[in-house]
Amino acid sequence: MNVLWDAPAPMTVREVLDGLEERDLAYTTVMTVLDRLGTKDMVKRERDGRAFRYAPATTRDAATSELLHDALDQAGVDRTAALVHFARTVDPDEAAALRAALDDILDRT
Amino acid sequence: MTPVWLGLIGLALTLPVPALLARAAWPQLAPAAGIVLWQSLALAAVLAISGAALSTALWLVSHDALAWWHIGLHVAILGVGVLVWGRFWWSARKVWSETSARRERQRQLADLLGEPHGALPAVRILAEQTPIAYCIPRRGDSRVVISSGTVESLDDAALQAVLEHERAHVTLRHDVVLEAFGVLHRAFPRPLRTDAPLRQSQVLVELMADDVARRRCGDQALARAIVALAGSDAPRGTLGAGGDALLRINRLRSPASPAARRASAATSLALSVLVIVGPTVTLAVPWMHHAVQLL
């Protein structure tokens, strides 16, 4: 996906393969992965002569936004516990109380 | 009379008992046992309601020439039992499919957008300033997602505490625990519904994970992590069970004595046994004898 996101224009499998500098992958592997990303709606493809060209279906920023928005958006007790967070943010008063408690704990050494 | 007793017990275990227990602080001294207690309460409530429905059905079938109010009462009990069971299966399916879909999408995006954290393949770092940390549980293939902001605002020990805490959630299958309570929450119709079991299980599950992180990284590292993540400037739509952070920090500030923890665990477990075995032995078993004789 990084290769596709960084590319200025839709790419063929060969171009994607060339863009993946770090690894030694087979052409068919890259093609399979691109196909799978297509079924997950991450990439879209268009025909260009005899080959296909692949482009991202959403921008990297939009995807990141979607991820974060979904992660942070667990509204109350009715939503499913799909993710388990470490700590949810608190309001400023509670934040002050937290810091005071932390100072207490650190002073105790 | 059995249907009425079981119905009353079921009702008590659904509403007033959870509300009372939620106000008590002692179960939090031994969170694992506390979870068992809440699960037992839920199980006992479901058993009582199911038992009430079953015994009512038998009663209605085996009696004739009854006062109308008598029938009405029993039909009401049967109705509630059937409703709860129906909703339970509907709720289970719905919760399961929604949760799976959400986790799947999160995992895909996290894998595509996140960088692996050093040598740990199941950790993904997102390019995002706000400190966030969460896990996407899944059997054998879970992810822990943290933001670059988290990595930058925590020292090594605190970051380790976060990772250990999240890993504990995954290893201890807290996702299953929370889902179960979620299903139950939705299974009960609104008049009979209470937030207490779900909220308390969320708190207890955090405390359990905290205990694992403390053992491995120490109280102070964990405390620093909690304050850094909970005390950060809240951006987009974070609705919080925010009160938990304060509770967790105060727990680190004044740790309970081993004796108190043992007492809490013992009490929780004793009550768990009582609440399941009690109605079973005094009501369900004699009723089953009676039913067998009738049929």
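A note on names: the letters A, B, ... follow the listed sequences, proteins ahead of strands, and every chain is numbered from 1.
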**Fill in**
Applying a strict 4.5 Å limit to non-hydrogen atoms, the region of B/Ile132 in contact with chain A is side chain
**Message:** Quick one, B/Arg102 with A/Asp70, criterion salt bridge (charged side-chain N to carboxylate O under 4.0 Å, His left out). Give me CA distance, side-chain angles, the key distance, then yes/no.
**Reply:** CA-CA 8 Å; B/Arg102 193 148 166 246; A/Asp70 180 67; 2.8 Å; yes
**Asked** Can you say whether the rings of A/Phe86 and B/His165 are parallel (under 30°), tilted (30 to 60°) or perpendicular (over 60°)?
**Response** perpendicular
**Prompt:** For B/His169 and A/His85, which heavy atoms make the closest approach, and how far apart are they?
**Reply:** NE2-O, 4.3 Å
**Request:** Taking atom CH2 of B/Trp89 as the centre, report whether more than 12 heavy atoms of other residues, nucleotides or ligands fall under 6.0 Å from it.
**Result:** no
**Asked** What residue, out of B/Glu206, B/Glu179, B/Glu104, B/Gln108, has the most heavy-atom pairs lying under 4.5 Å from chain A?
**Response** B/Gln108
**Prompt:** Would a 4.5 Å heavy-atom cut-off, applied to side chains only, mark B/Leu112 and A/Leu37 as touching?
**Reply:** yes
**Asked** Side chain, backbone, both or neither: which part of B/Ala225 has a non-hydrogen atom closer than 4.5 Å to chain A?
**Response** both
**Item:** Part of B/Leu126 lying under 4.5 Å from any heavy atom of chain A
**Value:** side chain
**Prompt:** Would you say B/Asp156 has more than 12 foreign heavy atoms packed within less than 6.0 Å of its CG?
**Reply:** no
**Message:** Quick check for you: to the nearest 0.5 Å, what is the distance between A/Leu68 atom CG and B/Glu128 atom CD?
**Reply:** 5.0 Å
**Minimum-distance pair of heavy atoms, taken over all atoms of A/Leu98 and B/Val227** = O-CG2, 3.8 Å
**Item:** Taking every non-hydrogen atom, the tightest pair across A/Leu83 and B/Pro137
**Value:** CA-CD, 4.4 Å
**Item:** Residue part contacting chain A, namely of B/Arg138, when any heavy atom lies under 4.5 Å
**Value:** neither
**Message:** Treating A/Glu94 as the side-chain partner and B/Leu246 as the backbone partner, does any N or O pair qualify as donor plus acceptor under 3.5 Å?
**Reply:** no
**Request:** Step by step, work out the side-chain contact (heavy atoms from CB on, under 4.5 Å) result for A/Leu102 and B/Arg253.
**Result:** CA-CA 8 Å; A/Leu102 178 62; B/Arg253 190 194 203 171; over 6 Å; no
**Request:** Select, from B/Asp219, B/Leu178, B/Ile249, the one with the greatest count of heavy-atom pairs under 4.5 Å involving chain A.
**Result:** B/Ile249
**Request:** State the CG-OG distance between B/Leu109 and A/Ser65, to the nearest 0.5 angstrom.
**Result:** 11.0 Å
**Request:** Identify the heavy atoms of B/Asn250 and A/Ala101 that sit nearest to each other, and give their distance.
**Result:** OD1-CB, 4.2 Å
**Message:** What verdict does the side-chain contact (heavy atoms from CB on, under 4.5 Å) test give for B/Arg105 and A/Leu67, after you've listed the backbone C-alpha separation in whole Å, the side-chain angles of each residue and the deciding distance to 0.1 Å?
**Reply:** CA-CA 8 Å; B/Arg105 184 66 180 160; A/Leu67 177 66; over 6 Å; no
